[in-house]
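Below you'll find the structure, written out as structure tokens, and then a few comments.
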Amino acid sequence: HHVDATAQVGHDGITEAVVAKIASELEHHELIKVRFGEGVDAKAKDAAAELATATSSALVQVIGRVVVLYKRHPKQPVIVLPK
């Protein structure tokens with residue numbers, strides 16, 4: 001996916017502010033990348049699953065410290081998944 005990370009999780013981890021930012025980005029873009037900084041103690045896969053749950057999104061992929069999340073726009077979806 002050619003898009004740069006739209007959010008970053010820093011050493012404070014997954015905070016309410018991070019969840020709100022990512023939820024907002026998902027509402028606008030449907031598919032986003034989130035980068036976990038070096039200071040994040042949790043494993044990326046575990047933190048990604050927590051983040052997906054907190055934002056009601058789908059965890060698409062984890063590559064190193066970069067996570068891809070997807071959440072369909074409720075009214076005007078841009079990405080159409082095959083049935």
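As the structure is a computational prediction, the values presented were derived from the model and not from experiment. For the single chain, residues carry numbers from 1 onward in sequence order.
- Pairing each heavy atom of Lys71 with each of Ser57, the nearest pair is CB-CB, 4.0 Å.
- Looking at residues two or more places apart in sequence or on another chain, you find a side chain to side chain contact (heavy atoms under 4.5 Å, CB included) between Val62 and Ala44, Lys45, Ala48, Leu59, Val67.
- Taking all atoms of both residues into account, the shortest heavy-atom contact from Gly37 to Gln8 is CA-NE2, 4.0 Å.
- A distance of 5.5 Å separates CG in Leu51 from CG in Leu69, rounded to the nearest 0.5 Å.
- If you take CD1 on Ile79 and NE2 on His29, they are separated by 11.0 Å, rounding to the nearest 0.5 Å.
- A distance-only check finds a donor-acceptor pair linking the side chain of Thr53 to the backbone of Ala49 [under 3.5 Å].
- By the side chain to side chain contact (heavy atoms under 4.5 Å, CB included) test, Thr6 pairs with Glu25, Ile32, sequence neighbours left out.
- Here the straight-line distance linking atom NZ of Lys33 with atom CD of Gln61 works out to 8.5 Å at 0.5 Å rounding.
- The NE2 atom of His73 sits 11.0 Å away from atom CG of Leu26, with the distance rounded to the nearest 0.5 Å.
- No single ILVMFWY cluster, assembled from side-chain heavy atoms under 4.5 Å apart, contains both Val34 and Val66.
- For Glu30, there are no side-chain hydrogen bond (donor to acceptor under 3.5 Å, both in side chains) partners two or more places apart in sequence or in a different chain.
- Heavy-atom contacts from other residues, nucleotides or ligands closer than 6.0 Å to CZ of Arg65 number more than 12.
- Annotation for Ala23 and Thr55: closest pair N-CG2, 4.2 Å, computed over non-hydrogen atoms.
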